[in-house]
Amino acid sequence: MTAVRQSSHRRWHWRSLRVRILLATLLWVALGIGGIWYSATRLFAKHVEESYHDELEVHIKELAGLVKVEPDGVLKMDRPLSDPRYLVPLSGFYWQVSLHGHKTIRSASMTRGSLDERVAHDSTVHHHIEKGPTGPSITYGFIRDVPGAGEVHYVIATDQRLLDETIASFTRELTLWLTALAAALVVTGFVVVTFGLRPLDRLARATARLRSGAACKLEGDYPTEIEPLVDDLNAFIERSHKTVERARVEAGNLAHALRTPLAVITDEAERLAQAERTSAAAQTLLEQSQIMVQQIEYQLARARSAASARSPGTVSRIEDVLPPILSAMRRLHPDKAFAVRFPAGLDTAVPIEPVDLSELLAILLDNAGKWARGHISIGAEDLPDGLLVRIIDDGPGLPAEQVAEAFRIGTRFDPDMRGSGLGLAIAHDIAEAYGLKIALGPRADGQSGLEVRLEIDREIDRA
């Protein structure tokens, strides 16, 4: 469960594939939508401006064709301009025709102000942004020389605000629609990423089940892109299990093959020890044979635990392996009381091979049974990411200076106490192979005795 929670948190970590794809999607959506917005607004503005300018140029030429100069210099129009906006007061569409020394005529829309006729300074059509009756205006103008009358100034204008409002209205609508499109693309990208990477989530959950021991292989159906990887991993897991089993068998065979010759050598040494002439040599053989037995037992235990620790999908439950161990301990130490104190509902599943967990607990409980005066307790409690196992006895305890030596091969603090001095050394190597923390120290309650603390990480990474 811890691995699944960590996987969920890391799913949206900045280094995750999801975040990278979504960031890339956001970047391209931003660049694409931003590029479309910029180019569309610029293109529309250019098109509208050209349309306005073309319209004004057409209207000023139409105006020149409609205005007549009477013989007395009076300016008259046959009919209004074809665009009715020049008839609406202050509509923003204006025209003006003037002849020096005569009355200037203006559009019905220009109820106040006037147009700057200086824009009309020759026979070519010119345009400028000039001040108009209702604000800055795009003003067109030119001069036509009428024989017998003089130069007639034709000026026509449209408010700049009308152009700006048209562009602004288009920009607002375009921005709204492109924002909606961007949001839809981002949501679509999120859905695609979530759906497309869902098989990886299933693979992560299957891996967590494998590591927790709930499964012995990666389970589930996967897309064709992932299926070969799952098949290879399952094949690797199967080979690992077979390798561990083969190592166990070979370790047992080696132990059997070595123990028989050593037993023969020991028997011969004991027979030679009975003769005074060979007793010294026999004693040396017995000592060396004992050392060989210790080394064989230690190295076999170390090799077995090291092989098991590299096997994926291993899991044990302390409450399952503990009963037979306690039964054996009560027979070995009939005068000692062994008590188990586990909180109700405590999950004691740990990623350790049952054989190695049994051996580890048996060593620690046997050591406690040897030194305890009468009581040994084993308890467990949850840690944030694991389990803490405590084995407490009421014996004499262990001085601080002897703690480091306790895990050395062959260490025996009391020669009269039975044992080979290998137990704690083997326990330490099993714990080290599985990444466990094992520590010896005084009891937390201050009473006489020794407390063994075994911290087990439920999600040990043995990569």
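None of these values were measured; they are calculated from a predicted model.
You'll find the side chain of Arg390 stays beyond 4.5 Å of the side chain of Ile378, heavy atoms only. Looking at heavy atoms from C-beta onward, Ile438 lies in side-chain contact with Leu364 at the 4.5 angstrom threshold. Contact annotation: the side chain of Leu115 approaches that of Pro133 to within less than 4.5 Å [non-hydrogen atoms, C-beta and beyond]. Counting heavy atoms from C-beta outward, His333 and Asp366 have side chains that approach closer than 4.5 Å. Under the 4.5 Å side-chain criterion, counting only non-hydrogen atoms from C-beta, Phe342 is not in contact with Glu381. With contacts defined as side-chain heavy-atom distances shorter than 4.5 Å, the pair Tyr52/Leu162 qualifies. Residues Ile392 and Leu450 fail the side-chain proximity criterion, which asks for heavy atoms closer than 4.5 Å. Thr188 places none of its side-chain heavy atoms less than 4.5 Å from the side chain of Leu185.
Remark: the backbone N or O of Ala444 is paired with a side-chain donor or acceptor of Glu451 at under 3.5 angstrom. At distances below 3.5 Å, at least one donor-acceptor pair connects side-chain atoms of Thr207 with backbone N or O atoms of Leu203. The main-chain N or O of Val88 is found under 3.5 Å from a side-chain atom of Ser91 such that the two form a donor-acceptor pair. At least one donor-acceptor pair under 3.5 Å links the side chain of Ser109 to the backbone N or O of Tyr86. No donor-acceptor distance shorter than 3.5 angstrom exists from the side chain of Asp393 to the backbone of Gly449, with no hydrogens or angles considered.
Using a 3.5 Å distance cut-off with no hydrogens or angles, the side chains of Asp164 and Gln160 do pair a donor with an acceptor. Counting only N and O atoms by type, the side chains of Thr194 and Arg198 include no donor and acceptor under 3.5 Å apart.
Between Leu56 and Ala157, the shortest heavy-atom contact is CD2-C, 4.1 Å. In terms of heavy atoms, Arg161 sits closest to Leu90 at NH2-O, 4.2 Å. Nearest heavy-atom pair across Tyr222 and Pro199 is CE2-O, 3.7 Å. Nearest heavy-atom pair, Gly189 versus Thr25, reported as atom, atom and distance to 0.1 Å: CA-CG2, 4.5 Å. Summarising the geometry of Pro343 relative to Ala380, their closest heavy-atom pair is CD-O, 3.1 Å, with the distance given to 0.1 Å. Residue Ala40 comes nearest to Leu174 through the heavy atom pair CB-CD2, 3.5 Å, listed as atom of the first residue, atom of the second, then distance.
Residue Asp54 qualifies as enclosed at atom CG: its count of foreign heavy atoms under 6.0 Å is above 12. Heavy-atom neighbours of Arg330 CZ from other residues, nucleotides or ligands within 6.0 Å: above the threshold of 12.
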Phe190 and Arg18: CA distance, side-chain angles, deciding distance, side chain to side chain contact (heavy atoms under 4.5 Å, CB included) verdict: CA-CA 9 Å; Phe190 178 81; Arg18 281 182 175 81; over 6 Å; no

Derivation and outcome, side chain to side chain contact (heavy atoms under 4.5 Å, CB included), residues Arg341 and Ser377: CA-CA 7 Å; Arg341 297 185 176 91; Ser377 68; 2.8 Å; yes

Audit row: Lys336, Asp394, salt bridge (charged side-chain N to carboxylate O under 4.0 Å, His left out) steps and yes/no: CA-CA 10 Å; Lys336 310 292 173 63; Asp394 59 353; over 6 Å; no

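Summarising the geometry, atom CD1 belonging to Ile156 is positioned 14.0 Å from atom NE2 belonging to His127; distances are rounded to the nearest 0.5 Å. The OG atom of Ser169 lies 7.5 Å from the CZ atom of Phe44; values are rounded to the nearest 0.5 Å. If you take OG on Ser448 and CZ on Arg443, they are separated by 7.5 Å, rounding to the nearest 0.5 Å. We find the NZ-CE distance between Lys370 and Met329 to be 9.5 Å, quoted to the nearest 0.5 Å. Atoms CZ and CG, on Phe236 and Leu218 in that order, are 11.5 Å from each other to the nearest 0.5 Å. Distance check: Leu360 CG to Ile325 CD1 gives 8.5 Å after rounding to the nearest 0.5 Å.
A salt bridge does not link Lys217 to Asp231: none of the charged side-chain nitrogens sits closer than 4.0 Å to a carboxylate oxygen.
Of the residues Thr134, Thr158, Thr139, the one that meets the side-chain hydrogen bond (donor to acceptor under 3.5 Å, both in side chains) test with Tyr94 is Thr134. Exactly one residue among His128, His53, Glu55 makes a side-chain hydrogen bond (donor to acceptor under 3.5 Å, both in side chains) with Tyr140. That residue is His53. Across Leu454, Asp347, Leu346, Leu436, a single residue satisfies side-chain contact (heavy atoms from CB on, under 4.5 Å) together with Leu387, and that is Leu346.
Applying the side chain to side chain donor-acceptor pair (under 3.5 Å) rule to pairs touching residues 35-50 yields Trp37-Thr175, sequence neighbours excluded.
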